[in-house]
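Structure, as structure tokens:
So that the names make sense, note that chain A is the first sequence line, chain B the second, and so on, each numbered from 1.
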2 protein chains.
Amino acid sequence: MVRLSKKVEYGLIAIRHIAAHAGNDIVTAKEISDKYGIPYDLLAKVLQRLSKANLIVSHQGVRGGYSLALDPRTVHISTIIHAIEGTAPVIARCLADGPASCEVFDACTIKSPLTKVQANIEQAFGTMTLAEIV
Amino acid sequence: MVRLSKKVEYGLIAIRHIAAHAGNDIVTAKEISDKYGIPYDLLAKVLQRLSKANLIVSHQGVRGGYSLALDPRTVHISTIIHAIEGTAPVIARCLADGPASCEVFDACTIKSPLTKVQANIEQAFGTMTLAEIV
DNA sequence: GGTAAATCGGACTTAATTGGTCGTACATCG
DNA sequence: CGATGTACGACCAATTAAGTCCGATTTACC
């Protein structure tokens with residue numbers, strides 16, 4: 001199936017929400033969880049990953065929460081996906097990492113054509129920025 | 001994860017192989033299974049789906065096998081994916097079927113922006129034809 | 001007609017991934 | 001200190017993907 005995981009969906013909703021509240025106060029995980037009906041613990045983990053990837057900054061303690069780390073115009077959707085899933089969105093196993101990643105390898109006849117499709121998809125995710133979805 | 005399933009990978013490899021042998025003889029599932037190291041039973045089912053979708057024609061019996069049903073220039077990659085997976089490649093649950101398909105619905109703030117990405121991806125899979133990967 | 005080679009198709013099992021939960025530790029403000 | 005927040009790893013549950021099995025059917029050829 002070619003589908004974003006729920007984590008990514010949650011992450012996009014969350015970071016969009018944070019971006020929409022930039023300038024004002026910082027946003028807590030609970031706030032987002034309540035507003036969008038997202039399981040709190042799961043959302044927390046997603047936010048942690050976004051924080052680790054320096055897309056958002058976390059503020060611990062009593063008036064803590066999250067705020068945007070960068071200019072939303074510089075944050076691409078593909079970057080967000082990569083931060084949450086740990087890998088870039090790649091449609092086939094062939095195209096993943098090193099050259100030995102394709103099991104069939106020499107028998108894999110679809111690798112090269114899929115590279116084109118891959119490039120298109122990368123562009124689809126890579127040209128849209130956070131600023132465009134706020 | 002945004003990734004094609006193995007079934008789709010197998011299907012693409014298989015239909016490409018069949019297309020590459022068009023004109024000559026028909027190709028058996030075992031032949032493909034052997035050549036590319038694909039589990040026979042699984043491949044057989046994938047081929048059945050392609051056959052049901054009228055992308056390939058099956059010939060039963062002793063000298064049976066599969067051959068291409070259509071002009072490869074008219075067979076789009078998205079059609080092949082759809083035939084195998086049963087659904088078109090859709091990146092988010094929001095975008096799937098009816099209007100009630102998005103659980104969060106009114107809270108889902110990313111639906112409309114993702115539609116653009118979706119359109120790009122549809123185009124990526126929809127413009128490339130079987131003829132281009134042979 | 002019998003047999004072997006092929007597809008057909010459903011039921012089933014297993015493996016992998018995803019989704020979600022829990023518990024505890026740490027930070028910070030008042 | 002205590003309330004309110006994040007940090008993080010371990011864990012369990014649910015779903016989906018991947019693969020297997022087995023009997024049925026079709027058909028060419030001897």
Given [N], is OP1 or OP2 found less than 4.0 Å from the side-chain N or O atoms of [X]?
X        : N       : answer
Ser58(A) : dA7(D)  : yes
Tyr10(A) : dT18(C) : no
Ser51(B) : dT7(C)  : no

Is a side-chain N or O of [X] found less than 3.5 angstrom from the main chain of [Y], in a donor-acceptor match?
X         : Y        : answer
Gln118(B) : Ile91(B) : yes
Thr74(B)  : Leu70(B) : no
Glu85(B)  : His82(B) : no

Compile the donor-acceptor pairs under 3.5 Å between side chains in residues 51-68 of chain B and protein atoms, sequence neighbours left out, one pair per line.
residue, atom, partner, partner atom, Å
His59(B), NE2, Ser67(B), OG, 2.9

[atom1] of [X] versus [atom2] of [N]: gap in Å, rounded?
X        : N       : atom1 : atom2 : value
His59(A) : dC29(C) : NE2   : C1'   : 14 Å
Gln60(A) : dA3(D)  : CD    : C1'   : 15 Å
Arg63(B) : dC29(D) : CZ    : P     : 6 Å
Lys6(A)  : dT18(C) : NZ    : P     : 14 Å
Ile26(A) : dT6(D)  : CD1   : P     : 9 Å
Ile38(B) : dT20(D) : CD1   : C1'   : 16 Å
Asn54(A) : dA7(D)  : CG    : P     : 12 Å
Ile84(B) : dA17(D) : CD1   : P     : 13 Å

| query | Closest nucleotide of DNA chain D for Gly61(B) versus for Glu85(B): which of these residues is on the 5' side? | reply |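 Its nearest nucleotide lies further toward 5', so the answer is Glu85(B).
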| Interface residues of residues 39-47 of chain B with DNA chain D (non-hydrogen, below 4.0 angstrom) |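 Going residue by residue through residues 39-47 of chain B, the ones with a heavy atom under 4.0 Å of DNA chain D turn out to be Pro39(B), Asp41(B), Leu42(B), Lys45(B).
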Between [options], which nucleotide has the shortest distance from any of its atoms to the side chain of [X]?
X        : options                  : value
Thr28(A) : dA18(D), dG20(C), dT6(D) : dT6(D)
Gln48(A) : dC29(D), dA7(D), dG20(C) : dA7(D)
Val62(B) : dA4(C), dT7(C), dT6(D)   : dA4(C)
Arg93(A) : dT27(D), dA18(D), dT6(D) : dA18(D)

| Member of Leu50(B), Leu47(B), Thr79(B) meeting the side-chain contact (heavy atoms from CB on, under 4.5 Å) criterion with Ile84(B) |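 Exactly one candidate clears the test, Leu50(B).
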| query | Tell me, which pairs form a salt bridge (charged side-chain N to carboxylate O under 4.0 Å, His left out) where one or both residues lie in residues 8-22 of chain B, sequence neighbours left out? | reply |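 Counting only pairs at least two positions apart or across chains, the salt bridge (charged side-chain N to carboxylate O under 4.0 Å, His left out) contacts touching residues 8-22 of chain B are Arg93(A)-Glu9(B).
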| task | Please report the shortest heavy-atom distance between Glu132(A) and Thr127(A), naming the atom on each side. | result |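 Scanning both residues completely, I find the closest heavy atoms to be OE2-O, 3.4 Å.
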